[in-house]
Amino acid sequence: DVKVTQSSRYLVKRTGEKVFLECVQDMDHENMFWYRQDPGLGLRLIYFSYDVKMKEKGDIPEGYSVSREKKERFSLILESASTNQTSMYLCASSLPGTTSYEQYFGPGTRLTVT
Amino acid sequence: SQKIEQNSEALNIQEGKTATLTCNYTNYSPAYLQWYRQDPGRGPVFLLLIRENEKEKRKERLKVTFDTTLKQSLFHITASQPADSATYLCALDTGRRALTFGSGTRLQVQP
């Protein structure tokens, strides 16, 4: 079974803090993705990566950065957390190539910035 | 950019009936369309993928149709059960390597 794990289920941080969200997958997938999910807005793509050290901006990259040093690990970084980054963050992975492959999601991290 | 519309209102149906959820999109037709199920507090789980040259796809009690003329996909659950209660998301390819997701429709099946 494909497993995507995220470092925390719940996280509370203060405004201005640097926040790291970690995601690990065990299926040797090339593609990895970070989304945020807000009520009424659905899943919005922040960044994705199709190979180690490769990254592409999604639809809402502002205020975020990512790191992919190893194939199995994809980190999302909030350089200076703000209250409008309070959200559910979901990581996913998939096989390489086109979007014809299903995405496997982690359980999500609910981040609250106070 | 691609815009996806799913009915934001919850769909309430009786157990045993067929649930039909709609996914409409604007702009170009995607090569693939996927449907996911999401339970509260959990990540989405993949259900079905349909290609643009496929009109219909089935998997057990699930059926998906894809009409590129209407720019619409319909997702059906036959003989629905309370355990089918969840939010269902459709997702389209964007011409790059990522999907664009709709905001989902919540289905509630009453026993």
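Note that the structure is a prediction, hence the values are computed from the model and not measured. Numbered from 1 within each chain, the chains take letters A, B, ... in sequence-line order.
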Are [Y] and [X] linked, directly or through intermediate hydrophobic residues, by side-chain heavy-atom contacts shorter than 4.5 Å (ILVMFWY only)?
{"X": "B:Ile13", "Y": "B:Leu62", "result": "yes"}
{"X": "A:Trp34", "Y": "A:Ile60", "result": "yes"}
{"X": "A:Leu11", "Y": "A:Met88", "result": "no"}
{"X": "A:Tyr50", "Y": "A:Ile46", "result": "no"}
{"X": "A:Phe105", "Y": "A:Val24", "result": "no"}

*Side-chain touch A:Arg44/B:Phe101, heavy atoms, less than 4.5 angstrom*: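 Sidechains of B:Phe101 and A:Arg44: no contact.
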*Answer whether the closest heavy-atom distance between the side chains of B:Thr100 and A:Leu45 falls below 4.5 Å.*
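Side chain of B:Thr100 against side chain of A:Leu45, heavy atoms only: no contact under 4.5 Å found.
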Would you say [X]'s side chain and [Y]'s backbone share a donor-acceptor pair under 3.5 angstrom?
{"X": "A:Tyr104", "Y": "B:Phe46", "value": "no"}
{"X": "A:Glu102", "Y": "B:Val45", "value": "no"}
{"X": "A:Arg9", "Y": "B:Gly41", "value": "yes"}

*What part of A:Leu90 lies closer than 4.5 angstrom to a heavy atom of chain B: side chain, backbone, both or neither?*
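Just its side chain gets close to chain B.
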_Can you give me the closest heavy-atom contact between A:Gly40 and B:Ser103, atom names plus distance?_
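Answer, listing the atom of A:Gly40 first, then B:Ser103: O-CB, 3.9 Å.
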*For A:Tyr35 and B:Leu99, work out which heavy atoms get closest and say how close.*
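That closest heavy-atom pairing would be OH-O, 4.3 Å.
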_Distance-only side-chain donor-acceptor flag, B:Gln38 / A:Gln37, under 3.5 Å_ =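 Distance-only check passes for B:Gln38 and A:Gln37.
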*Got more than 12 heavy atoms from elsewhere within 6.0 Å of CZ, B:Arg61?*
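Atom CZ in B:Arg61 is packed in, count exceeds 12.
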_B:Leu48, part contacting chain A, at a heavy-atom distance under 4.5 Å_ =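 Looking at B:Leu48, nothing touches chain A.
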